[in-house]
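Below is one structure, written out as structure tokens; the observations come after it.
Heads up: numbering here begins at 1 and tracks the sequence.
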Amino acid sequence: MTARMPIVGGNWKMNTDLASAVELAEDVVAGCGTMVESCDVAMFPPFPYLQAVGRALGHHGLVLGAQDVYPKPDGAFTGEVSTAMLLDLHAEMVLVGHSERRHVIGERDDLIAAKLTTALAAGLKVVLCIGETKEQRTAGTTRDVLNTQLTAGLGTVDADGMRDVIIAYEPVWAIGTGETATPEDAESEHAFVRERLAELYDADIADATRIQYGGSVKPNNAEELIAGPNIDGFLVGGASLKADDFLAIIRAAAATADAGSSERSYREARNA
Ligand code: PEP
């Protein structure tokens, strides 16, 4: 089995102001130290703070990410942001299909797929977020939902493109609620996603693709969640707004790599 480098992302959503965004980024950089050698760490600030946060991240090995992108190069798309704009600000990664985009803004799978392929074509790494609502879980349709969102979201991405894709399994009912999937349930859904990736692509790609868990991850549950063999890190909302909490979660993920992996981060591999 491939040793997958853990990856932890902080999705700041529509939080912080300019000063607190920079301070948060600086605190995380200062606390990360050598952990970035055993865990990829990404931060997704609001669009207006990308540049300032990017400066704060400097060249310390952390990744600047954006919370969304629009799948057109330019033009009359009021309020939207293109891949070229993100690249101008040195963003390297982008979230697509976050549950708040799906369920609050109303994005559908075809738009999400277009965002994903456009971002990949521009050279960005993409985190494709998928997850079921409470009603879907209660109705027993979780796997149908995950399968649909995964298959439709990946759309026409080929094997090569999958190198730059990360999946985030985020049960909607666990996001921002303080309710978390049990480690057993999270592991079981991650294993299902990996099985589906093997069917859609092949065993090697399934094995190499990182699958993050998201949904009320906190310092006190990160360690037991990351123990799942198919859980490769976290996408963190609320707890990423507090440097100490975010760093504790990174520490839990980095410890798994320290324990079992000597794989280089994608950044080192890319620069080699
Ligand atoms: C998220 O925004 O992706 C998320 C998982 O939020 P929280 O950690 O607050 O549940």
Side-chain angles (χ1 to χ4, degrees), residues 5-74 77 79-96 98 100-101 115-116 118-129 164-166 168 210 212 214 233-247 249-250 253-254 264-271:
M5 172 72 76
I7 175 164
V8 176
N11 174 16
W12 297 359
K13 313 191 187 193
M14 199 172 73
N15 293 301
T16 69
D17 56 22
L18 179 57
S20 63
V22 170
E23 192 183 337
L24 178 55
E26 286 173 349
D27 289 348
V28 172
V29 167
C32 263
T34 56
M35 285 197 290
V36 293
E37 287 163 22
S38 31
C39 180
D40 285 327
V41 178
M43 276 183 255
F44 301 87
F47 284 140
Y49 307 141
L50 272 171
Q51 188 167 25
V53 168
R55 284 203 192 106
L57 297 187
H59 298 284
H60 297 281
L62 289 86
V63 177
L64 180 66
Q67 295 176 20
D68 193 27
V69 69
Y70 198 66
K72 296 284 178 191
D74 51 40
F77 304 103
E80 298 295 343
V81 167
S82 70
T83 55
M85 293 169 183
L86 298 182
L87 293 167
D88 252 355
L89 301 181
H90 308 292
E92 297 178 75
M93 199 174 273
V94 64
L95 304 180
V96 304
H98 190 276
E100 287 141 23
R101 302 291 320 171
K115 290 182 177 197
L116 191 150
T118 304
L120 285 183
L124 290 158
K125 315 265 174 208
V126 182
V127 180
L128 170 64
C129 306
D164 291 330
V165 174
I166 294 143
R210 293 179 294 179
Q212 296 176 295
F234 303 114
L235 185 56
V236 187
S240 72
L241 295 169
K242 292 186 192 136
D244 286 348
D245 286 359
F246 191 50
L247 285 164
I249 292 167
I250 296 167
R264 294 172 302 165
S265 76
Y266 82 78
R267 183 186 296 277
E268 288 173 301
R270 188 189 55 187
N271 293 339

Atom pairs and distances, donor-acceptor, side-chain atoms in residues 18-29, under 3.5 Å, two or more places apart:
from: S20; atom 1: OG; to: D17; atom 2: N; distance (Å): 2.9
from: S20; atom 1: OG; to: D17; atom 2: O; distance (Å): 3.3
from: S20; atom 1: OG; to: D17; atom 2: OD1; distance (Å): 2.8

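V69 and S82 make their closest contact through CG2-C, 3.7 Å (heavy atoms, listed as atom of the first residue, atom of the second, distance). Closest approach of V36 to G33, counting heavy atoms only: CG2-O, 3.5 Å. Nearest heavy-atom pair across L86 and V81 is CD2-CG1, 3.6 Å. Closest heavy-atom contact between P71 and T118: CB-OG1, 3.4 Å. Smallest separation of non-hydrogen atoms from F234 and I249: CD1-CG2, 3.5 Å. Heavy-atom minimum distance, P45 versus W12: CB-CE3, 3.4 Å.
Remark: Y70 OH to T83 OG1 distance equals 13.0 Å, nearest 0.5 Å. Note that the CG atom of L87 and the CG atom of L124 stand 4.5 Å from one another [nearest 0.5 Å]. The structure places NZ of K115 at 12.0 Å from CG of L128, a figure rounded to the nearest 0.5 Å. Rounded to the nearest 0.5 angstrom, L89 CG and F47 CZ are separated by 10.0 Å. Between the CG atom in L241 and the CG atom in N15 there is a gap of 5.0 Å [rounded to 0.5 Å]. To the nearest 0.5 Å, atom CG of residue L95 and atom CD1 of residue I166 are 9.5 Å apart.
Although no hydrogens or angles enter the test, the distance criterion places a donor-acceptor pair under 3.5 Å between the side chain of R210 and the main chain of M5.
M93 has its side chain within reach of I7: a pair of non-hydrogen atoms, C-beta onward, lies under 4.5 Å apart. Residues P6 and C39 meet the side-chain proximity criterion, which asks for heavy atoms closer than 4.5 Å. Contact annotation: the side chain of L235 never approaches that of S240 to less than 4.5 Å [non-hydrogen atoms, C-beta and beyond].
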| request: Please lay out, stage by stage, how L247 and M35 fare under the test side-chain contact (heavy atoms from CB on, under 4.5 Å). | output: CA-CA 9 Å; L247 285 164; M35 285 197 290; 4.1 Å; yes
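Contacts classified as side chain to side chain donor-acceptor pair (under 3.5 Å) and involving residues 44-60 (residues at least two apart or in different chains) are not found.
Between E100 and K13 there is a salt bridge, since at least one side-chain N of the basic residue sits less than 4.0 Å from a carboxylate O of the acidic one.
Residues meeting the side chain to side chain donor-acceptor pair (under 3.5 Å) test with D245, sequence neighbours left out: none.
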